[in-house]
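What follows is one structure encoded as structure tokens, with my remarks underneath.
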Number of protein chains: 2
Amino acid sequence: MARLIVDSRESRSGLALLLASRGADVVSEELECGDYVLADGMAVERKTATDFIASILDRRVFSQLLNLKTAYPRAFIVVEGNLFGTRSMISEDALLGAMSYISVIESVPILTTSDTGQTASLLLTMQRHAIEGLGYEIALRGGKPRDRRPGAQFLVEGLPGVGPTAAKKLLLHFGSAQAVFAATPEQLRAVPGVGPKTITAIREVLDFEVRG
Amino acid sequence: MARLIVDSRESRSGLALLLASRGADVVSEELECGDYVLADGMAVERKTATDFIASILDRRVFSQLLNLKTAYPRAFIVVEGNLFGTRSMISEDALLGAMSYISVIESVPILTTSDTGQTASLLLTMQRHAIEGLGYEIALRGGKPRDRRPGAQFLVEGLPGVGPTAAKKLLLHFGSAQAVFAATPEQLRAVPGVGPKTITAIREVLDFEVRG
DNA sequence: ACTTCCGATCCTTGA
DNA sequence: TCAAGGATCGGAAGT
């Protein structure tokens, strides 16, 4: 049986035990993203339905997706439990929108199961399909180097009054996050969409004097 | 709104009416395969959960899939209703196996909804996403602070490997967010709790070259 | 994800 | 030319 890597944070879950009890060659590793690596370049992010919805509301899932896709060519999401049964505050449109976004735009398949036992079966089957489908098993190795662009944008979005759009413009204009933070007010003024109010707020945060 | 083609056999279904009632430009055509064409080369096969399971049992779904994939580069399956709730003769393994096969080997995404209304919403959203994309950017950061003081810490926490504790230490050590971002690796090493791996990651994000 | 709301930015006007 | 006003865009917060 092929090797199956479980993220160490996930390794205490019932699912990891289940996989092992079914004869999988489970090893635990600290993964930078994803929960299960089924084959070379193939990883699964597993979420309970409640988790999945929560991670849509706080946008966590979207950045995870970005990381997962850059680290593994074949990324999957497995959602455990009934997505539509959870009493949650999410609007139906938002939930369907997220599913469409993930499938259509990000091209990451979403698999669903109803409980942990099914998830275990599914992961093992997916692994078998991946390996047999390819006709051979490839040696497992870590993902390729991480794309730092989302990180840079994430950082810049921490500035007050700066969202995704302004962050992109700032990074493009200055070339790097470092340069954005080193920019003078006059230089910032040159970026369209960044006005006086925003500039003041930005400088206040950057120059704020911290003392013990 | 873009045109949405419905297979003529499907056109009398409630779903087609729903789509039209929501303002979609629905036209009926006799399609070789697939039920809905959302965009050029993008089609959806829609099945109720019961249907889906039946089509697994008689293997119909696999040939349909093959046809769908050759006719349309982007093929999707939408399953309506609870896959695991139906009292059917299918074994759990067979169902999961089929889902894995479709996702892993055939690479056809399976979307699920709980009723026809949701399917309609989903199809319209998928169409929009396919044609226009999201139309906006997803903010990578949720829940920004409003005051300036936590603002500096919040900003620094955006660095990889830096949480609240490390952010506090960095700010105390350097005096301001601006200074933290200007720090050289050697200077960063002087801060307890910030190791070489973190420093490398930090510099990579700060120095990442952004180009259009 | 979607929606709504609010404030900032930008652009036009008109004195 | 510039100030005031209004249209538009983007960010923030809530579901």
Side-chain angles (χ1 to χ4, degrees), chain A residues 45 47 49-66 68-69 77 79 83-110 112 153-173 180 185-186 188-205, chain B residues 22-23 78 109 111-114 117-148 150-151 154-155 158:
Chain A
E45 172 79 28
K47 289 199 183 310
T50 313
D51 242 11
F52 182 68
I53 288 170
S55 72
I56 292 169
L57 291 176
D58 65 14
R59 306 164 180 72
R60 207 171 1 112
V61 74
F62 304 108
S63 45
Q64 285 180 340
L65 220 56
L66 225 55
L68 201 62
K69 271 192 16 170
I77 296 182
V79 177
L83 264 177
F84 305 107
T86 68
R87 285 191 295 289
S88 69
M89 292 290 86
I90 199 172
S91 79
E92 189 176 286
D93 281 349
L95 177 53
L96 294 170
M99 291 177 13
S100 169
Y101 172 84
I102 293 168
S103 303
V104 176
I105 296 181
E106 295 294 344
S107 294
V108 172
I110 304 171
T112 58
Q153 184 175 328
F154 179 84
L155 191 59
V156 174
E157 277 185 35
L159 292 168
V162 175
T165 310
K168 247 189 196 97
K169 284 186 191 164
L170 286 165
L171 282 167
L172 267 172
H173 184 90
V180 172
E186 295 73 47
L188 288 170
R189 192 67 197 82
V191 181
V194 179
K197 286 271 179 35
T198 308
I199 292 176
T200 307
I202 288 175
R203 293 312 318 178
E204 270 177 25
V205 167
Chain B
R22 296 194 192 185
V78 172
L111 289 275
T112 58
T113 67
S114 61
Q118 288 193 348
T119 305
S121 303
L122 181 63
L123 291 183
L124 292 172
T125 306
M126 287 173 71
Q127 174 170 251
R128 205 187 74 233
H129 283 168
I131 293 171
E132 326 174 345
L134 261 187
Y136 59 92
E137 294 274 344
I138 302 170
L140 296 174
R141 282 227 205 185
K144 290 202 224 184
R146 190 149 17 97
D147 299 335
R148 294 289 160 265
F154 178 79
L155 186 60

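Atom set for the values below is all heavy atoms of this structure, side chains included, hydrogens, waters and symmetry mates excluded. Lettering follows sequence order; numbering is per chain, from 1.
- Among the atoms of the strands shown, only primed sugar atoms or phosphate atoms (P, OP1, OP2) are found under 4.0 Å from some heavy atom of A/T198.
- Residue A/L68 comes nearest to A/E45 through the heavy atom pair CD2-CB, 3.8 Å, listed as atom of the first residue, atom of the second, then distance.
- At a threshold of 4.0 angstrom between heavy atoms, the contacts of A/A94 include nucleobase atoms, whether or not backbone atoms are also involved.
- Counting to the nearest Å, the P atom of C/dC2 and the CD1 atom of A/I102 are 11 Å from each other.
- Within the 4.0 angstrom heavy-atom criterion, only backbone atoms of the sugar-phosphate kind lie near B/R128; the bases stay farther away.
- Across the interface with DNA chain C, nearest-nucleotide mapping of A/P192 and A/M99 shows A/M99 to be the residue nearer the 5′ end.
- Residues B/L124 and B/R22 come closest through the heavy atom pair CD1-CB, 4.0 Å.
- Comparing A/L95 and A/V191 by the nucleotide of DNA chain C that holds the closest heavy atom to each, the one mapping nearer the 5' end is A/L95.
- For the pair A/I56 CD1 and C/dT3 C1', the interatomic distance rounds to 15 Å; values are reported in whole Å.
- Taking every nucleotide of DNA chain D with any atom under 4.0 Å from a non-hydrogen atom of chain B, the first and last of them, 5' to 3', are D/dA12 to D/dA13.
- Residue-level contact check: A/I90 touches neither bases nor backbone, having no heavy atom under 4.0 Å from any strand.
- Across all strands shown, B/A139 has no heavy atoms under 4.0 Å from either base or sugar-phosphate atoms.
- If you check C/dC10, C/dA8, C/dC2 against the side chain of B/Y136, the one that comes closest is C/dC2.
- If you take NZ of B/K144 and C1' of C/dG7, they are 14 Å apart, rounded to a whole angstrom.
- Heavy-atom nearest nucleotides on DNA chain D were determined for A/K169 and for B/G143, and the one closer to the 5' end corresponds to A/K169.
- Separating the CZ atom of A/R59 from the C1' atom of C/dC2 is a distance of 11 Å, rounded to the nearest angstrom.
- For residues 50-64 of chain A, the set of pairs meeting the salt bridge (charged side-chain N to carboxylate O under 4.0 Å, His left out) definition, not counting sequence neighbours, comprises A/D58-A/R60.
- Atom pair B/Q118:CD and C/dC2:P shows a separation of 15 Å (rounding to whole Å applied).
- Rounding to whole angstrom units, CG of residue A/L188 and C1' of C/dA8 are separated by 16 Å.
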Return a table of donor-acceptor pairs under 3.5 angstrom between the side chains of residues 85-99 of chain A and protein atoms on other chains or two or more places apart.
unit_1: A/S91; atom_1: OG; unit_2: A/A94; atom_2: N; d: 3.0
unit_1: A/E92; atom_1: OE1; unit_2: B/Q118; atom_2: NE2; d: 3.2

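- Heavy atoms only, all atoms of each residue included: A/L170 and A/V191 are closest at CD2-CG2, 4.0 Å.
- At the heavy-atom level, A/L57 lies under 4.0 Å from base atoms of the strands shown.
- Between the A/K69 side chain and the A/S107 main chain, no donor and acceptor come within less than 3.5 Å of each other.
- Atom P of nucleotide C/dT3 and atom CG of B/L134 are separated by 12 Å, given to the nearest angstrom.
- A/R203 and A/P185 get closest at one heavy-atom pair: CG-CG, 4.0 Å.
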